[in-house]
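Right, one structure below, let's go through it.
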Amino acid sequence: MIPFNSTDPTFIIKMGSKKICEANETAIAGHANQNPVGKELMDVVHIVPNAGPNITPVYFDEGWFILKQETLLWEGSQHLKVRLERRKGVPDFEVMQSLKNMIGFLLHRVRSPLTGIQGYAELIEDNSDIGESQKYLDKITEGVDELFNLLDDLDDLEKIPLKRIDLNNFSAEPSKIINDIISDYPAKVQKNITLQETNYSAPLQCNSGDIRRILSFLIDNAVEYAPADKHEITISRSSKNSIKISHTGNSIPESISKQLFYPFVTTKARKLGIGLTMALLYAKRYYGSIFLTDNNPFRETSFLFCLPPSKDYQSSSLL
C-alpha cells in the first residue's frame, strides 16, 4: 500500500522512468478525474526549469505548487514520490477580496476629511498675514500630500479586478517592455541593470500593459533593495514562460519573506508594502504567479514571474 499521507497532489514514478505508476485521489481529480497512470509526468504537470537552487515551481490544475520529491521503496524497487506542495505565505482571493472591501471603505471615509484639511490649508496659505506660521503650514501640506499619495496607491490595489483573463486574447513581447522600463531609471541605475540575452523569443500570453505593471513592480523592488552603492540587477528569461529578476546582497529577513505577498508587509517606514501583492494579483489574472526563488546574501535575491504553458483557457472568477 502506497503511503499517500498528504492531500497534496502526489505521483509515484519508477526510478529511471518518467512514467507515472500511481497517483492519489487529489492528483486524479486535478487531472480532470482521469487517472494519469501510464502517462509521463511532464505531460500531466508543467515544471518550470531553471527557477532556483532550492525551488521548483509546478503548474497543475490551474494552480501553482512547489515540487517536492523523495525516494520510495515500492513493490521491491526504487521509486520517486513526487508531491505538489501547496504554497504557503500567499494570500488566497477570499482574503484579498476582504482586504479590498476594507480598503474601499477606508478610501471613502479618509479622503473626505483629508480633502477638507487640504482646502483649509490652501485658504490659510492665501492669507498674506501668515508670516512665521508658513513653515508649520508647509508641514501640514506636505503631510496631506503624502497621505493622498498613499491613498492613491491603495486605490490602485483596490481596483485590480479579481477575474481571470482569456489568455488567447493577448500577446506581449517582454524584452521591449523591459527595455522601456529600464529607460525610465536614472543613468546611474541603468548601467547596473543587465538584461541577459535569451534563446526564447516567443511572446507571452499577457496584456502588454499588465505585464509592464508586473515587471515594473518587480524591477522597482530590486532597485530599492539592492545595495545602494551598486545596483547589480539581472533580468533574464529563464524559460519560455518565465522571467527572473535578481539582485545581489541585501537578502529579505525571514520574518518578512514568510508573508512577502501579503499587503502591508514591508521594512520601509514610509511604504505600504503592496507592490508585490499587486504584481501577484495581476499575474494571477493570467493564471500566473510569482515565486521568491532565491534569498541568499552570498548568492542573490531572485523573483520569478511565471505564466502557464500555452493552451486554451476560459475566463473565470478567481474566487
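Just so you know, these numbers use all the heavy atoms, side chains as well, and skip hydrogens, waters and symmetry mates. Computed from a prediction, not measured in an experiment: that's the story for all the values here.
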Task: Hydrophobic cluster identity match, Tyr262 and Val90, side-chain contacts under 4.5 Å - done: yes

TODO: Verify side-chain contact (heavy atoms from CB on, under 4.5 Å) between Tyr287 and Glu62, making sure each step is shown before the conclusion.
DONE: CA-CA 7 Å; Tyr287 296 80; Glu62 297 187 353; 3.8 Å; yes

Open item on the list: Between Ile165 and Phe170, is there a side-chain heavy-atom distance shorter than 4.5 Å?
Closed with: yes

Open item on the list: Within the structure provided, determine whether Val48 and Val58 are in side-chain contact (heavy-atom separation under 4.5 Å).
Closed with: no

Task: Step-by-step side-chain hydrogen bond (donor to acceptor under 3.5 Å, both in side chains) determination, Gln196 to Thr198 - done: CA-CA 6 Å; Gln196 292 184 341; Thr198 177; over 6 Å; no

Task: Side-chain touch Asp294/Thr301, heavy atoms, less than 4.5 angstrom - done: no

Open item on the list: To the nearest 0.5 Å, what is the distance between OG1 on Thr293 and CG on Asn50?
Closed with: 11.0 Å

- [ ] Work out which heavy atom in Ile20 is nearest to a heavy atom in Glu22; give both atom names and the distance.
- [x] CG2-O, 3.3 Å

TODO: Considering non-hydrogen atoms only, spot the tightest contact between His247 and Ile233 and give its length.
DONE: CB-CG1, 3.9 Å

TODO: Look up atom OG1 in Thr56 and atom CD in Gln69, then write down how far apart they are to the nearest 0.5 Å.
DONE: 8.0 Å

Open item on the list: With side-chain contact (heavy atoms from CB on, under 4.5 Å) as the criterion, how do Ile214 and Ile290 come out once you've worked through the C-alpha distance, each side chain's angles and the decisive distance to 0.1 Å?
Closed with: CA-CA 9 Å; Ile214 294 166; Ile290 299 169; 4.3 Å; yes

Open item on the list: Using the rule that Ile, Leu, Val, Met, Phe, Trp and Tyr join whenever any side-chain heavy atoms are under 4.5 Å apart, tell me whether Ile178 and Tyr282 fall into a single cluster.
Closed with: yes

Task: Check: Ile182 and Ile235 side chains under 4.5 Å, non-hydrogen atoms - done: yes

Task: Residues which pass salt bridge (Lys or Arg N to Asp or Glu O under 4.0 Å) with Asp220, listed by chain and number, not counting sequence neighbours - done: none

Open item on the list: Rounded to the nearest 0.5 Å, what separates atom CG in Asn296 from atom OG1 in Thr248?
Closed with: 12.0 Å

Open item on the list: Using only atom types and a distance under 3.5 Å, with no angle test, would you say the side chain of Thr10 pairs donor to acceptor with the backbone of Asp8?
Closed with: yes

Open item on the list: Do Val82 and Ile55 land in one hydrophobic cluster if side-chain heavy atoms of ILVMFWY residues count as linked below 4.5 Å?
Closed with: no

Open item on the list: Is there a side-chain contact between His79 and Lys14 in this structure, where contact means two heavy atoms from C-beta onward sitting under 4.5 Å apart?
Closed with: yes

TODO: Check for a donor-acceptor pair, side chain of Arg285 on one end and backbone N or O of Lys163 on the other, with a separation under 3.5 Å.
DONE: yes

Task: Contact check, side chains of Ile219 and Phe217, non-hydrogen atoms, under 4.5 Å - done: no

TODO: Establish whether Ile12 and Leu41 are linked, either directly or via other cluster members, by ILVMFWY side-chain heavy-atom contacts under 4.5 Å.
DONE: no

- [ ] Provide the closest heavy-atom pair for Ser6 versus Asn24 in the form atom of the first, atom of the second, distance.
- [x] O-ND2, 3.5 Å

Enumerate donor-acceptor pairs with a distance under 3.5 Å from any side-chain N or O in residues 25-40 to protein atoms, sequence neighbours excluded.
unit_1, atom_1, unit_2, atom_2, d
Thr26, OG1, Thr7, O, 2.8
His31, NE2, Lys39, NZ, 3.0
Asn35, OD1, Val37, N, 3.1

TODO: Could you tell me the separation between the CH2 atom of Trp74 and the SG atom of Cys21, rounded to the nearest 0.5 Å?
DONE: 5.5 Å

Task: Donor-acceptor side-chain pairing of Glu232 and Thr234 below 3.5 angstrom - done: no

Task: Distance (rounded to the nearest 0.5 Å) between Ser302 OG and Leu292 CG - done: 8.0 Å

TODO: Identify the two heavy atoms, one from Gly288 and one from Leu307, that lie closest to each other, and give their separation to 0.1 Å.
DONE: CA-CD2, 4.1 Å

Task: Partners passing salt bridge (Lys or Arg N to Asp or Glu O under 4.0 Å) against Lys258 (at least two apart in sequence or in another chain) - done: Glu254

TODO: Give a yes or no on whether the backbone of Asp180 and the side-chain of Ser183 come within a donor-acceptor separation of less than 3.5 Å.
DONE: yes

Open item on the list: Applying salt bridge (charged side-chain N to carboxylate O under 4.0 Å, His left out) to Arg83 and Glu70, what does each step give before you reach the verdict?
Closed with: CA-CA 9 Å; Arg83 178 172 61 88; Glu70 61 182 282; 5.7 Å; no

Task: Distance in Å, Cys206 SG paired with Asn241 CG, rounded so as to fall on 0.5 Å steps - done: 11.0 Å

Open item on the list: Could you tell me if the side chain of Leu304 sits less than 4.5 Å from the side chain of Ile243, heavy atoms only?
Closed with: no

TODO: Check the pair Phe11, Val45 against side-chain contact (heavy atoms from CB on, under 4.5 Å), reporting the backbone distance first and the verdict last.
DONE: CA-CA 10 Å; Phe11 306 87; Val45 304; 4.1 Å; yes

Task: Test item: Thr277 side-chain N/O and Phe261 main-chain N/O as donor-acceptor pair under 3.5 Å - done: yes

Open item on the list: Against the six-membered ring of Phe291, is Arg87 placed for a cation-pi contact (under 6.0 Å from the centre, within 45° of the normal)?
Closed with: yes

Task: In one Ile/Leu/Val/Met/Phe/Trp/Tyr side-chain cluster, 4.5 Å: Tyr200, Ile177 - done: no

Open item on the list: Could you report the tightest heavy-atom contact between Tyr185 and Gln190, atom names first, then the distance?
Closed with: O-NE2, 2.6 Å

Task: Check against side-chain contact (heavy atoms from CB on, under 4.5 Å), Ile13 and Lys19 - done: CA-CA 6 Å; Ile13 301 171; Lys19 290 189 176 181; 5.9 Å; no

Task: Non-hydrogen atoms of Ser238 and Lys244 that approach each other most closely - done: OG-CB, 4.3 Å

Task: Arg212 side-chain N/O to Leu215 backbone N/O, donor-acceptor pair under 3.5 Å - done: no

TODO: For residues Leu84 and Asp61, determine if any side-chain heavy atom of one lies less than 4.5 Å from a side-chain heavy atom of the other.
DONE: no

